Amino acid sequence: MYTQRPAEFDYHRPTSLDEAIGLLAEDGARALAGGHSLLPLMKLRFAEPRTIVDLGRIPGLDAIEEDGDVLSIGALATHAAVAASELVRSRCRVLATTAEGIGDRQVRNRGTIGGSLAHADPGADYPTVTKALGATIVATGTGGEREIAADDFFTGVFTTSLEQGELVTSVRVPVVGAGTGAAYEKHRNPASGYAVVGVAAVVRVEGGKCSGARLVVGGVTGTPEHAIAAADAMIGIAPVDEAAIAAVAEKVPEALGGAIGDTYASAEYRVHLAQVRARRAITAAFDAAQG
Ligand SMILES: Cc1cc2nc3c(=O)[nH]c(=O)nc-3n(C[C@H](O)[C@H](O)[C@H](O)COP(=O)(O)OP(=O)(O)OC[C@H]3O[C@@H](n4cnc5c(N)ncnc54)[C@H](O)[C@@H]3O)c2cc1C
């Protein structure tokens, strides 16, 4: 039955991480961050948590800091905060521009990076970009803290390798250094802004040639996929060689077996869009590397 009212739940607003983790260890407990994904699910009764643990009063969980050659972004950092951060803009610009392109102003002001990663929506932007950047997700539970490579974090549609009761506390993103460029190109769903298809490219250029590349495609399959054949084909090409970039993009579908279609875009259309967006992302990443 369709209802606009969630089922009953207990509400807690802890003021420390330890308290939150203790509460989340209980059966049926669920974290609440920006609420932009969880609350709609609760209203539709697709999610019926017995206990809500609101993370919003835990101090420090929204910090954005530089730690050597890594940016550490607290789970509660909103998309708007990531987009506006001078540190993120100067050290990992692609993450700021990705945040800038999420949803609308309201979503960006409430939605958080930790919530987006934990929710693992196939159409979300951060999963694709963090995977291409080689980021690490820091998770904290009753057993302490552990680091999970973004490559191992997304395990299926709305599914991650987080254990029951574990919280994402931060994400550690390598700084994009000189000679390296990164870009994210998405085909937005016109209603929501979610990626119908999103492609993230990270390239390294040395001596006028590509010496390293990662290409990740989101929105087409259940989890963001590395387009390995395409990334391998990028090694040795020149950033200005449009024909070579087009040939690379033609290899993208090799990674997209199991493409998902829906009423907005068929699987075939998504695979086509992935090639178009891959060309643009690669070109933009090369521009940024030479920038
Ligand atoms: C209209 C609309 C448009 C949108 N457009 C886009 C878009 O263009 N691109 C995009 O990427 N996203 C988009 N989103 C999603 C948005 O970015 C959400 O903010 C995000 O998916 C969830 O973040 P949240 O902080 O709101 O999490 P919540 O809704 O609070 O939580 C989502 C899930 O994650 C869990 N969770 C939250 N925080 C943590 C944590 N720290 N550790 C462990 N689990 C946690 C919750 O228990 C819940 O299961 C859109 C949403 C809406 C409503």
Side-chain angles (χ1 to χ4, degrees), residues 6 9 11-14 17 20-21 23-26 28-44 46-58 60-63 73-83 95 97-131 137-142 145-146 148 153-154 157-171 184-198 200 218-219 224 264:
F9 56 87
Y11 175 80
H12 295 273
R13 201 166 63 183
L17 185 57
I21 285 167
L23 288 163
L24 283 163
E26 287 171 23
R30 199 126 169 206
L32 173 73
H36 268 269
S37 296
L38 182 57
L39 295 187
L41 289 177
M42 287 170 64
K43 285 180 173 181
L44 292 166
F46 290 145
E48 297 190 21
R50 246 179 278 158
T51 306
I52 284 289
V53 182
D54 186 341
L55 307 179
R57 295 293 189 281
I58 303 175
L61 217 52
D62 59 353
I73 302 177
L76 279 192
T78 61
H79 310 327
V82 173
L95 206 61
T97 54
T98 298
E100 216 165 60
I102 293 177
D104 53 34
R105 191 182 295 265
Q106 193 181 5
V107 170
R108 291 192 292 276
N109 281 336
R110 296 292 308 170
T112 64
I113 192 166
S116 175
L117 294 170
H119 190 57
D121 191 309
D125 300 304
Y126 282 133
T128 305
V129 175
T130 53
K131 207 162 161 172
I137 285 103
V138 181
T140 310
T142 47
E145 190 178 280
R146 67 184 178 118
I148 310 164
F153 187 77
F154 307 102
V157 176
F158 301 116
T159 317
T160 69
S161 54
L162 282 176
E163 305 280 353
Q164 170 62 37
E166 248 182 345
L167 272 182
V168 172
T169 39
S170 65
V171 52
Y184 177 63
E185 283 281 332
K186 75 166 160 174
H187 181 95
R188 293 171 68 90
N189 180 303
S192 65
Y194 274 110
V196 176
V197 171
Y264 182 72

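Note that ligands are numbered from 1 as they come in the structure, with each ligand's atoms numbered from 1 the same way. These numbers were taken from a predicted model, which means no experiment stands behind them.
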Legend entry - Neighbour count above 12 (heavy atom, 6.0 Å) for Gln106 CD: no
Inset, instruction - Identify, for atom 26 (O) of ligand 1, the protein heavy atom at the shortest distance, and state residue, atom and that distance. - result: His36 N, 2.9 Å
Legend entry - Tyr126 N/O to ligand 1 N/O under 3.5 Å: no
Inset, instruction - Measure Gln106 to ligand 1 on non-hydrogen atoms and call it side chain, backbone, both or neither using the 4.0 Å cut-off. - result: neither
Legend entry - N/O separation below 3.5 Å, Val107 to ligand 1: no
Legend entry - Atoms of ligand 1 close to Leu55 [distance to a heavy atom under 4.0 angstrom, numbered from 1]: 41 (N)
Legend entry - Distance from atom 15 (C) of ligand 1 to nearest protein heavy atom, with residue and atom: Tyr194 OH, 3.0 Å
Legend entry - Lys186 side chain vs Val196 backbone, donor-acceptor pair below 3.5 Å: no
Legend entry - Closest contact, heavy atoms only, Ala118 versus Thr160: O-CG2, 3.6 Å
Inset, instruction - Kindly identify the option in Gly219, Pro127, Ser37, Gly141 whose heavy atom sits closest to atom 32 (C) of ligand 1. - result: Ser37
Inset, instruction - Using distance alone, determine whether Gly34 and ligand 1 share an N or O pair under 3.5 Å. - result: yes
Inset, instruction - Would you check whether Gly193 has a nitrogen or oxygen atom less than 3.5 angstrom from a nitrogen or oxygen atom of ligand 1? - result: yes
Inset, instruction - Return the residue, atom name and 0.1 Å-rounded distance of the protein heavy atom closest to atom 45 (C) of ligand 1. - result: Ala118 CB, 3.5 Å
Legend entry - For atom 37 (C) of ligand 1, the protein heavy atom that lies nearest, with its residue and separation: Gly115 CA, 3.5 Å
Legend entry - For atom 31 (O) of ligand 1, closest protein heavy-atom neighbour: Leu38 CB, 3.9 Å
Legend entry - N/O separation below 3.5 Å, Gly103 to ligand 1: yes
Inset, instruction - Check Gly111 against His36 and note the closest heavy-atom contact, atom names and distance. - result: N-CD2, 4.2 Å
Legend entry - Residue pair Ile58 / Ala20: nearest heavy atoms and the distance that separates them: CD1-CB, 3.6 Å
Inset, instruction - Could you grab the distance from atom CG of Leu41 to atom CD of Glu48, nearest 0.5 Å is fine? - result: 11.0 Å
Legend entry - For Ala75, the ligand 1 atoms whose distance to one of its heavy atoms is below 4.0 Å: 41 (N)
Legend entry - Any N/O pair Ala31/ligand 1 closer than 3.5 Å: yes
Legend entry - Sub-4.0 Å atoms of ligand 1 with respect to non-hydrogen atoms of Lys186: 8 (O)
Legend entry - Non-hydrogen atoms of Phe154 and Pro224 that approach each other most closely: CB-CD, 4.3 Å
Inset, instruction - Tell me which one of Gly114, Ala191, Gly165 gets a heavy atom nearest to atom 39 (C) of ligand 1. - result: Gly114
Legend entry - Distance from atom 17 (O) of ligand 1 to nearest protein heavy atom, with residue and atom: His79 NE2, 2.8 Å
Legend entry - Smallest separation among heavy atoms of Ala77 and Val82, with atom names: CB-CG2, 4.1 Å
Legend entry - Nearest-contact summary for atom 25 (O) of ligand 1 - protein heavy atom, Å: Thr112 OG1, 2.7 Å
Inset, instruction - Assess whether side chain to side chain donor-acceptor pair (under 3.5 Å) is satisfied between Tyr11 and Asp54, documenting all intermediate values. - result: CA-CA 7 Å; Tyr11 175 80; Asp54 186 341; 2.5 Å; yes
Legend entry - N or O pair under 3.5 Å between Gly35 and ligand 1: yes
Inset, instruction - Please confirm whether Asp125 comes within less than 3.5 Å of ligand 1 when only nitrogen or oxygen atoms on both sides are compared. - result: yes
Legend entry - Sidechain N-carboxylate O distance under 4.0 Å for Glu166, Arg146: yes
Legend entry - Check: Ile102 main-chain N/O paired with Arg188 side-chain donor or acceptor under 3.5 Å: no
Legend entry - Which of the ligand 1 atoms, numbered from 1, are nearer than 4.0 Å to a heavy atom of Ala124: 10 (C), 11 (O)
Legend entry - Structural part of Arg188 in contact with ligand 1, heavy atom criterion under 4.0 angstrom: neither
Legend entry - Verdict with supporting geometry, Thr78 and Thr112, side chain to side chain donor-acceptor pair (under 3.5 Å): CA-CA 4 Å; Thr78 61; Thr112 64; over 6 Å; no
Inset, instruction - Give the numbers and elements of all ligand 1 atoms closer than 4.0 Å to a heavy atom of Arg30. - result: 47 (O), 49 (O)
Inset, instruction - Do me a favour and list the nearest non-hydrogen protein atom to atom 3 (C) of ligand 1 with residue, atom name and distance? - result: Ser192 O, 3.2 Å
Legend entry - From Thr98 atom OG1 to His79 atom NE2, the distance as rounded to the nearest 0.5 Å: 11.5 Å
Legend entry - Ala33, portion touching ligand 1 at heavy-atom distance under 4.0 Å: both
Legend entry - N or O contact, Glu166 vs ligand 1, cut-off under 3.5 Å: no
Legend entry - Flag for Tyr264-Asn189: side-chain donor and acceptor within less than 3.5 Å: no
Inset, instruction - Give a yes or no answer on whether the side chain of Thr128 reaches the backbone of Tyr126 with a donor-acceptor pair at less than 3.5 Å. - result: no
Inset, instruction - Run down the list Leu76, Val168, Thr169 and name the one with the heavy atom closest to atom 42 (N) of ligand 1. - result: Val168
Inset, instruction - Hey, could you give me the CD1/CG distance between Ile137 and Leu162, rounded to the nearest 0.5 Å? - result: 8.5 Å
Inset, instruction - Can you see which heavy atom on Leu76 is nearest to which on Ala33, and at what distance? - result: CD2-CB, 4.0 Å
Legend entry - Polar atom proximity, Leu167 to ligand 1 (N or O, under 3.5 Å): no
